[in-house]
Undergrad: 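Quick one: the structure is below, questions incoming.
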2 protein chains.
Amino acid sequence: MSQELRRFKAEIFQALAHPTRIAIVEALRHGETSAGQLIERLGLEQANASQHLTVLRSKQIVISRKEGNQVFYSLRDPVLIEVLDVLKRYFYSQLSQTMSMLKEIQKEKATTKR
Amino acid sequence: MSQELRRFKAEIFQALAHPTRIAIVEALRHGETSAGQLIERLGLEQANASQHLTVLRSKQIVISRKEGNQVFYSLRDPVLIEVLDVLKRYFYSQLSQTMSMLKEIQKEKATTKR
DNA sequence: CTAGTATATTCGACTTTGCGAATTTTCGTA
DNA sequence: TACGAAAATTCGCAAAGTCGAATATACTAG
């Protein structure tokens with residue numbers, strides 16, 4: 001079962017492991033959006049967008065609703081936004097760690113130089 | 001910059017997008033562990049384990065410390081555990097949604113059958 | 001220096017992913 | 001029915017990921 005859970009998690013990560021798909025998820029953050037709108041806002045190729053949406057749909061990250069000519073997408077579970085937000089914090093924490101590391105190096109240079 | 005951030009997130013997701021690497025991260029959850037211990041506990045091929053560890057190291061998810069003959073690994077930032085925990089909640093929420101969907105289908109079957 | 005243990009790297013086969021061009025499908029409407 | 005718009009699918013190719021076998025490297029102890 002734990003093995004299953006890890007496979008499941010890996011699939012979710014895999015589904016999110018592309019800048020374009022992250023952009024799509026973030027774009028859906030504030031509500032339903034049609035495929036066309038996504039293409040326009042994110043500046044994507046039509047086929048490419050559709051392929052990425054297929055990935056997200058197949059992993060149930062996104063659900064689609066047909067209305068006449070077009071298809072509207074939305075996030076199936078807003079919990080995923082939490083994941084992205086946690087990662088944002090992670091990003092900045094990593095960034096500041098890198099910065100202080102650089103500062104350390106600067107200091108050392110200064111000391112050895114003298 | 002937002003584009004950068006998305007690339008960064010995508011890389012983190014990519015690094016976690018494999019059951020074995022998730023298992024490794026979870027194993028490191030409660031503290032430093034040597035490569036050998038990971039191999040034993042998770043039942044991995046030596047080369048394979050090392051390859052996955054390389055991926056995690058290259059994305060800075062994990063840091064390594066050499067002590068004599070062996071190499072100890074630990075999580076660079078425990079925030080990642082949060083991500084995994086959020087996903088666990090997501091997993092169960094999805095699971096229960098699926099279950100109630102199945103129940104609905106059962107009910108419908110029962111009604112149409114009569 | 002030699003042997004042994006722990007870990008990393010390289011190699012070759014294979015699978016998967018990502019892309020745009022072209023095509024197809026699905027609607028709504030004339 | 002025929003046309004146009006929106007979206008999905010297919011195709012061919014390049015790039016990336018995964019695996020185990022074999023090999024290399026780093027360290028320790030004798």
Side-chain angles (χ1 to χ4, degrees), chain A residues 3 6-28 31-76, chain B residues 3-4 6-25 27-28 31-76:
Chain A
Q3 181 63 306
R6 281 197 286 270
R7 267 235 299 277
F8 170 81
K9 285 176 183 173
E11 279 187 11
I12 303 298
F13 284 132
Q14 178 58 44
L16 295 174
H18 194 286
T20 299
R21 293 197 290 268
I22 292 180
I24 291 174
V25 170
E26 286 177 349
L28 295 181
E32 213 183 39
T33 312
S34 76
Q37 288 173 321
L38 288 172
I39 288 168
E40 193 193 353
R41 287 188 201 161
L42 306 178
L44 305 175
E45 286 285 324
Q46 188 270 321
N48 194 242
S50 202
Q51 287 162 358
H52 283 304
L53 285 169
T54 300
V55 173
L56 292 173
R57 228 183 318 117
S58 77
K59 295 299 161 49
Q60 308 253 60
I61 287 170
V62 127
I63 57 181
S64 62
R65 179 179 67 84
K66 221 169 194 164
E67 183 177 323
N69 216 2
Q70 35 193 6
V71 179
F72 289 85
Y73 284 89
S74 54
L75 281 185
R76 205 189 61 85
Chain B
Q3 182 63 303
E4 248 343 277
R6 280 197 288 270
R7 265 236 301 277
F8 170 80
K9 285 177 183 172
E11 279 187 13
I12 303 297
F13 284 132
Q14 178 58 45
L16 294 175
H18 193 287
T20 300
R21 292 198 290 269
I22 292 181
I24 291 173
V25 170
L28 295 182
E32 213 184 39
T33 311
S34 76
Q37 287 173 321
L38 289 171
I39 288 168
E40 193 193 353
R41 287 189 201 159
L42 307 178
L44 306 174
E45 285 285 323
Q46 188 271 321
N48 194 243
S50 202
Q51 286 164 357
H52 284 303
L53 285 168
T54 300
V55 173
L56 293 173
R57 228 184 316 120
S58 79
K59 296 298 162 46
Q60 309 252 60
I61 288 171
V62 126
I63 56 180
S64 62
R65 178 179 68 82
K66 221 169 192 163
E67 183 178 321
N69 215 2
Q70 34 193 5
V71 179
F72 288 87
Y73 283 90
S74 54
L75 281 185
R76 205 190 61 84

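None of the values given here were measured: they were computed from a predicted structure. In what follows, every chain begins at residue 1, and chains take the letters A, B, ... in the order their sequences are listed.
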Undergrad: Taking C-beta and beyond as the side chain, do B:K9 and A:E26 meet within less than 4.5 Å on heavy atoms?
TA: yes

Undergrad: At under 4.0 Å between heavy atoms, what does A:A47 touch on the DNA or RNA strands: base, sugar-phosphate, or nothing?
TA: base

Undergrad: Assign A:Y73 to base, sugar-phosphate, or nothing according to its heavy-atom contacts below 4.0 angstrom with the strands shown.
TA: sugar-phosphate

Undergrad: What is the separation between atom CG on B:N48 and atom P on D:dG17, rounded to the nearest whole Å?
TA: 15 Å

Undergrad: Can you tell me how far apart CD1 (B:I39) and CD (B:E45) are? Round to the nearest 0.5 Å.
TA: 9.0 Å

Undergrad: Side chains of A:H18 and B:R6, heavy atoms from C-beta outward: is any pair under 4.5 Å?
TA: no

Undergrad: Using whole Å, what does the distance between atom P of nucleotide D:dT9 and atom CG of A:L53 come to?
TA: 11 Å

Undergrad: Quick one: A:K59 NZ to C:dT16 P, roughly how many Å, whole number?
TA: 12 Å

Undergrad: Counting C-beta onward and ignoring hydrogens, is there a side-chain heavy-atom pair between A:L53 and A:V71 closer than 4.5 Å?
TA: no

Undergrad: Grab the CG-C1' distance between A:L56 and C:dT17 for me, whole Å please.
TA: 14 Å

Undergrad: Assign A:T20 to base, sugar-phosphate, or nothing according to its heavy-atom contacts below 4.0 angstrom with the strands shown.
TA: nothing

Undergrad: Looking at every non-hydrogen atom in both residues, tell me the closest pair between A:S64 and A:Y73 and how far apart they are.
TA: CB-CE2, 3.5 Å

Undergrad: Less than 4.0 angstrom between a side-chain N/O of B:H52 and OP1 or OP2 of D:dG17, yes or no?
TA: no

Undergrad: Side chains of B:I24 and B:L42, heavy atoms from C-beta outward: is any pair under 4.5 Å?
TA: yes

Undergrad: Would you say that B:T33 contacts B:R41 through its side chain, given a criterion of any heavy-atom pair below 4.5 Å between the two side chains?
TA: yes

Undergrad: Distance check needed: C:dT7 C1' versus B:I39 CD1, whole Å only.
TA: 8 Å

Undergrad: Return a single string for nucleotides 11-16 of chain D, one symbol per nucleotide in 5' to 3' order, where B is base contact, S is sugar-phosphate-only contact and - is none, cutoff 4.0 angstrom on heavy atoms.
TA: ------

Undergrad: Is there side-chain contact between B:S74 and B:L28, with at least one heavy-atom pair below 4.5 Å?
TA: no

Undergrad: For A:L42 and C:dC19, what is the distance between atoms CG and P respectively, to the nearest whole Å?
TA: 13 Å

Undergrad: Would you say A:V25 and A:R21 make side-chain contact, with heavy atoms under 4.5 Å?
TA: no

Undergrad: Would you indicate which nucleotide in D:dG20, C:dT7, D:dA7 comes nearest to any side-chain atom of B:E45?
TA: D:dG20

Undergrad: Inspect the surroundings of CD in A:E40 and state if more than 12 heavy atoms from other residues, nucleotides or ligands are less than 6.0 Å away.
TA: no

Undergrad: Along nucleotides 23-30 of chain C, 5' to 3', which nucleotides get a B, which get an S, and which get a -, given that the test is a protein heavy-atom distance under 4.0 Å?
TA: ---SBS--

Undergrad: Rounded off to whole Å, could you give me the CG-to-P distance for the A:L16 and C:dT17 pair?
TA: 14 Å

Undergrad: Under 4.0 Å between a side-chain N or O of B:H18 and OP1 or OP2 of D:dC19?
TA: yes

Undergrad: Between D:dA8 atom P and A:L44 atom CG, what is the distance in whole Å?
TA: 13 Å

Undergrad: Under 4.0 Å: is that the gap between some side-chain N or O of A:T54 and OP1 or OP2 of D:dT9?
TA: yes

